[in-house]
There are 2 protein chains.
Amino acid sequence: MADRTQFGLSAIDSVPLHEKVYLELVRALMSGQFTPGQKLTSRRLAKELGTSDMPVRSAFMRLQALRALSPMPNGSVEVPVISAERFSQLTAVRTILEGSATELATKRINGNNLRAIRRHSSELTLAAREGDIDDYLRKNYAFKFSIYRHCGNEQMIFLIETVWMQVGPFLRNLAMGFEDDLASILDIDYHEEVVAAIEAQDAARARAAIVRDIEEGAAHILRQARFPGAGR
Amino acid sequence: MADRTQFGLSAIDSVPLHEKVYLELVRALMSGQFTPGQKLTSRRLAKELGTSDMPVRSAFMRLQALRALSPMPNGSVEVPVISAERFSQLTAVRTILEGSATELATKRINGNNLRAIRRHSSELTLAAREGDIDDYLRKNYAFKFSIYRHCGNEQMIFLIETVWMQVGPFLRNLAMGFEDDLASILDIDYHEEVVAAIEAQDAARARAAIVRDIEEGAAHILRQARFPGAGR
DNA sequence: GGTCAAGATTTGTGATCGCGATATTGCAAA
DNA sequence: TTTGCAATATCGCGATCACAAATCTTGACC
């Protein structure tokens, strides 16, 4: 479905190349298409994308500022290797930010919002039962941000997104630890409890449920993950 | 004190130009040398700095990713114009993040750390009494981060820094509202109370003091600031 | 088989150029 | 003086080139 004006002309695409490259890299990173530690060079990537290396360099700069890519001493970038310590720190920050956002959102959510959240919640449950990891992660993202979006603080949402940019690519590689048993993740998944708390307008309970969801998920990951420098 | 090798040669400076431009822009932004709403163009800035526009473009990309510069529809960037709403949101995020960081830090600070914090605190008091706004803001930054640095969570510090990058340039222009009466800011400055709470190892009290410091400072600013779109 | 140095390749970095779009200026008409 | 518009200057963007440093390859030698 190409964009067409009323005269049948295709709409001029004014989105800069570097922006497209950036979005493409975010997508690739968040869906775990790169291996942690993988080195990315602007020239090679440019060749793969069929552009010059300039737009790629721009995208690298942005991603590196957000810590979604790690700068190497020689100026190259690599997909971040997350250590157990960094993962714990990011989890701690997540509980603080996402807990607060949930608490704020609970007080502002109305019927219409709630209906959308419930839909995301049931889709999330479904995805877990069906065992599709990619779909599960995508639905998990959609569900949580359908709540955070209503916290009334755009700055907070931005910060949460930057944290997810750092954890996201990592989660993908770890969720694979569940293999065919993705449904078992529902045992430590409190998203139904979150919805119930929001319905009851109980902000403190909603915060507690989100925090618990984040923490138990992280603990489960820490249990079965192999982190660099922690033996093999 | 230039870097000299043992042969008296000046050390080759291998810091990339785009990094220097970035640091220079951060410094200029944080010290309020740009007016909110001011448009920055890579070409003009490059000419002023005596470089090509490439390093400037890189620096723009990074600052824009961190929201320290706002992208314009045509791709230019401008120094962010902060609205009353955005300022309130950023303040709310600050209380959450910096409150948590202070609470965590209180539990980890030992005698040596405390001595440095006390020094920063007294320097801050001194700067307020002397009435030098720039010095006050610098000391305020140094004092607060001398605490946050010990929170044991590098990711949290990074997020706090990005928030400061957004509020910093704005604070400068508003602190000028105090004019010759900077010493009066001490009336709503709870940094001595923060130090006392840390000394007493009372994490909850330290958090409350920092939050109060942030909130009352922000309230004072909101009272006398002229925000865009709020009449004149 | 392992080591190391020379050569070849790749890479980051920054300058420059060209294109199309945007913004600014200058001037004439109302 | 204000309005309309064309000439001009400036700008974002992306491609390409040059150069030095880093990295990889290769092959001779111990």
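Note that these values count all heavy atoms, side chains included, but never hydrogens, waters or copies made by symmetry. Bear in mind the structure is a predicted one, so any value in this text is a computation, not a measurement. A, B, ... follow the sequence lines: proteins, then strands. Residue 1 opens every chain.
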**Q** If you take any heavy atom closer than 4.0 Å to DNA chain D, which residues from residues 45-68 of chain B end up in contact?
**A** B:Arg57

**Q** Is any side-chain N or O of B:Thr41 closer than 4.0 Å to OP1 or OP2 of D:dT10?
**A** no

**Q** Side chain of A:Lys39 only, please: which of D:dC24, C:dT11, C:dG14 is the nearest?
**A** D:dC24

**Q** Of the options C:dT11, D:dC11, C:dA23, whose atoms approach the side-chain atoms of B:Asn74 most closely?
**A** C:dA23

**Q** Grab the CD-P distance between B:Glu78 and D:dG12 for me, whole Å please.
**A** 13 Å

**Q** Taking the side chain of B:His18 as heavy atoms from C-beta outward, which of C:dG14, C:dG12, D:dC11 is closest to it?
**A** C:dG14

**Q** Do A:Arg27 and A:Gln33 have side-chain heavy atoms sitting under 4.5 Å apart?
**A** yes

**Q** In whole angstrom, give the distance that lies between atom CZ of A:Arg43 and atom P of C:dG14.
**A** 13 Å

**Q** Do any side-chain nitrogens or oxygens of B:Ser76 fall under 4.0 Å of OP1 or OP2 in D:dG12?
**A** yes

**Q** Is the shortest heavy-atom distance from the side chain of A:Leu49 to the side chain of A:Lys20 under 4.5 Å?
**A** no

**Q** Who passes ring pair (Phe, Tyr, Trp, His ring centres under 6.0 Å) against B:Phe60, sequence neighbours left out?
**A** none

**Q** Under a 3.5 Å cutoff, is there a donor and acceptor pairing between the side chains of B:Glu85 and B:Ser83?
**A** no

**Q** Considering residues at least two apart in sequence or located in another chain, which fulfil the ring pair (Phe, Tyr, Trp, His ring centres under 6.0 Å) criterion with A:Phe145?
**A** A:Tyr141, A:Tyr148, A:Trp164

**Q** Return the CD to CD distance between A:Gln38 and A:Glu78, rounded to the nearest 0.5 Å.
**A** 10.0 Å

**Q** Should A:Arg44 be listed as having a side-chain N or O under 4.0 Å from OP1 or OP2 of C:dT10?
**A** no

